[in-house]
Amino acid sequence: MNKLIAGNWKMNGSLAANQALLAALAQGLGVKPACDVAVCVPAPYLAQVQSLKVAAVDLGSQDVSAQTSGAYTGEVSAAMLKDFGARYAIVGHSERRQYHGETDALVADKARAALAVGITPIVCVGETLAEREAGRTEEVVKRQLAAVIHTNGHCISEIVVAYEPVWAIGTGKTASPQEAQAVHAVLRAQLKAASDHPARVKILYGGSMNAANAASLLSQADIDGGLIGGASLKAADFLSIIAAAQ
Ligand code: PGA
């Protein structure tokens, strides 16, 4: 299966900066890179990135409402994202869980809302530093993924999972390839038990992945790509990570 390298721009960008970044990616990637590439952009820029039509780069959002429509001020529905050509929606990013109180159950409902319109949810799971130090990593990521499996049943083979240890996000600390692979293997086994087509599910690693460490992470048996924050904002770095995935 193709690896997937997805950029998570978080709350960064501007019309001018996005255009420059996309132009540099288009030039660096050519028409058909040998892996899947996506950028998950702030909602107001979906229209811009859609209209720039970079064939090699799929579009994603960073969140989606669990609701379909109605009186939910500030929310963006899956159908709206679909209108603007989104192929992916990140759900359950640790920053949403931490700053917006998103629970496992809400994340599972968001994944369901995305799947209902044909958008692939990129479901983020990961332990905090305290949880890792307490030896609870496996328990935490399994609980987070179990909620999504429970709510989404046989559709589970249509999701992407991103293992993002919270202590590695934006900190410059990366899980070693072996540490990451160990957790990916746990998630793979959990997906195998839940899905008819477990081989279809990509499991991405995220957390300070960069041009220097991407190749060793991406060479692990169960690491099928990356979810890239900081390094996705610089075309040269993002292109190096993509090169490492091919
Ligand atoms: P980072 O972020 O690459 O800047 O650590 C990854 C993420 O939060 O998705």
Side-chain angles (χ1 to χ4, degrees), residues 3-13 17-18 21 25 35-43 45 49 57-64 86-102 107 110-111 114 119-129 131-132 137 140-141 144-145 148 159-177 179-181 183-184 187 202-218 220 223-245:
K3 289 205 184 330
L4 167 62
I5 301 297
N8 172 12
W9 289 1
K10 308 194 179 185
M11 198 170 70
N12 295 293
N18 303 345
L21 180 52
L25 292 181
C35 71
D36 297 342
V37 178
V39 289
C40 297
V41 310
Y45 295 127
V49 178
V57 179
D58 286 319
L59 184 53
S61 68
Q62 299 172 11
D63 187 25
V64 60
R87 160 130 193 236
Y88 298 100
I90 296 173
V91 301
H93 190 279
S94 64
E95 288 149 18
R96 303 285 322 167
R97 293 178 190 261
Q98 187 179 350
Y99 305 134
H100 302 271
E102 294 195 4
V107 172
K110 289 184 170 198
I119 289 177
T120 301
I122 300 177
V123 176
C124 300
V125 300
E127 81 288 4
T128 63
L129 185 58
E131 288 163 341
R132 173 161 283 262
T137 299
V140 169
V141 298
Q144 291 170 332
L145 183 57
V148 178
I159 74 169
V160 168
V161 175
Y163 168 54
E164 298 207 307
V166 178
W167 48 271
I169 294 177
T171 58
K173 283 188 200 139
T174 323
S176 71
E179 282 171 330
Q181 165 58 29
V183 179
H184 281 236
L187 295 168
K202 291 184 170 82
I203 309 178
L204 315 183
Y205 171 79
S208 297
M209 194 189 271
N210 59 38
N213 61 27
S216 56
L217 286 160
L218 293 168
Q220 299 298 308
I223 300 187
D224 306 315
L227 182 56
I228 322 296
S232 73
L233 298 171
K234 294 189 202 111
D237 291 2
F238 196 50
L239 287 167
S240 301
I241 296 171
I242 292 163

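Order of appearance sets the numbers: ligands from 1, and atoms from 1 within every ligand. Treat the numbers as computed from the prediction; the structure is a model and nothing was measured.
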Looking at atom 2 (O) of ligand 1, what's its closest protein heavy atom, distance included? Lys10 NZ, 3.3 Å
Ranked by distance from atom 7 (C) of ligand 1, the top protein heavy atom is Glu164 OE2, 3.1 Å
Pairs satisfying side-chain hydrogen bond (donor to acceptor under 3.5 Å, both in side chains), at least one member in residues 223-240, at least two apart: Arg188-Asp224
Closest protein heavy atom (residue, atom, distance) for atom 3 (O) of ligand 1: Gly229 N, 2.9 Å
If the contact criterion is a heavy-atom separation under 4.0 Å, does Ala168 count as touching ligand 1? yes
Looking at Ala175, is its backbone amide N or carbonyl O close enough to the side chain of Tyr205 to form a donor-acceptor pair, meaning the two atoms are under 3.5 Å apart? yes
4.0 Å heavy-atom contact, Gly206 with ligand 1: no
Would you call Lys3-Asp36 a salt bridge at under 4.0 Å N-O? no
Which heavy atom of the protein is the closest neighbour of atom 4 (O) of ligand 1, given with residue, atom name and distance? Gly230 N, 2.9 Å
For ligand 1, does Ile169 get within less than 4.0 Å through its side chain, its backbone, both, or neither, judged by non-hydrogen atoms? both
Against His93, only a single residue in Glu164, Gln62, His100, Gln98 fulfils side chain to side chain donor-acceptor pair (under 3.5 Å); can you say which? Glu164
Could you tell me, atom by atom, which parts of ligand 1 come under 4.0 Å of a heavy atom of Leu227? 6 (C), 9 (O)
Under 4.0 Å to a heavy atom of Gly207 - the qualifying atoms of ligand 1, by number: 5 (O)
Ligand 1 N/O within reach of Glu95 N/O, cut-off under 3.5 Å: no
Main chain of Lys173, side chain of Thr171: is a donor-acceptor contact present, judged purely on distance under 3.5 Å? yes
Verify, without hydrogens or angle tests, whether Glu179 (side chain) and Ser176 (backbone) share a donor-acceptor contact under 3.5 angstrom. yes
Considering only heavy atoms of His93, which atoms of ligand 1 have at least one such atom less than 4.0 Å away? 7 (C), 8 (O), 9 (O)
Any ion pair linking Arg132 and Glu127 (charged N to carboxylate O, less than 4.0 Å)? yes
Whether the side chain of Ser208 engages the backbone of Ala168 through a donor-acceptor N/O pair (distance < 3.5 Å, no angle test) should be reported. yes
Find all atoms of ligand 1 within a distance of less than 4.0 Å from any non-hydrogen atom belonging to Gly170, and give their numbers and elements. 1 (P), 4 (O), 5 (O)
